[in-house]
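A short write-up of the structure that comes next.
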Amino acid sequence: MEVLKMSHFPVLFTATRAVRPSPSGSVSTPTSSSSGSAAQAARIAELEQALATQEATASSIEKERDFYFSKLRDIEVICQLPELVEDHNVKNILEILYATEDGFVAPEDDGDEVANEQPPFEEEQEEY
């Protein structure tokens with residue numbers, strides 16, 4: 001429980017409601033009216049809708065990220081083919097693929113083989 005000082009009586013917050021001790025030391029809970037309950041229900045519904053929208057947006061962004069990562073990975077695999085390794089244009093492409101932003105520091109390799117695995121090369125890609 002967290003205690004916040006408001007006026008000269010502390011307010012105790014629980015997971016569901018605010019509780020204010022009376023001057024005599026007993027704890028009382030605020031009474032809720034039907035309009036208060038309706039307003040709270042509407043606010044909860046609004047927040048749930050906002051959360052669902054954010055989750056859908058995050059999912060969409062993750063799919064897009066995975067799609068473009070897969071494309072870049074396919075390009076990388078093609079550029080590493082033995083017959084293309086010495087090609088000047090392929091070297092330029094790999095240079096672009098491996099370029100980092102200023103101040104970027106690659107994470108330390110902790111020897112975890114699973115984390116460094118790359119997805120297998122696939123000829124066909126899903127369309128979004």
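Scope of the values below: all heavy atoms of this structure, side chains included, with no hydrogens, waters or symmetry mates. When a residue number appears, it is its place in the shown sequence, counting from 1.
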Sequence neighbours excluded - salt bridge (Lys or Arg N to Asp or Glu O under 4.0 Å) pairs with any residue from residues 45-57: R43-E46
Results of side chain to side chain contact (heavy atoms under 4.5 Å, CB included) for T100 - residues two or more places apart only: F104
Contacts of type side chain to side chain contact (heavy atoms under 4.5 Å, CB included), residue L97, not counting sequence neighbours: L72, I75, E76, I93, L94
Side chain to side chain contact (heavy atoms under 4.5 Å, CB included) partners of L81, counting only residues at least two apart: I78, E83, L84
R73 CZ to F69 CZ distance, which is reported to the nearest 0.5 Å: 7.0 Å
Salt bridge (Lys or Arg N to Asp or Glu O under 4.0 Å) partners of residues 87-96, not counting sequence neighbours, each pair once: E86-K91
Pairwise distance CG(L47) to CD(Q54) - rounded to 0.5 angstrom: 10.0 Å
Residues forming a side chain to side chain contact (heavy atoms under 4.5 Å, CB included) with S59, sequence neighbours excluded: K63
Donor-acceptor under 3.5 Å (S60 side chain, A56 main chain): no
Connected via hydrophobic side-chain network under 4.5 Å: Y68 and I96: no
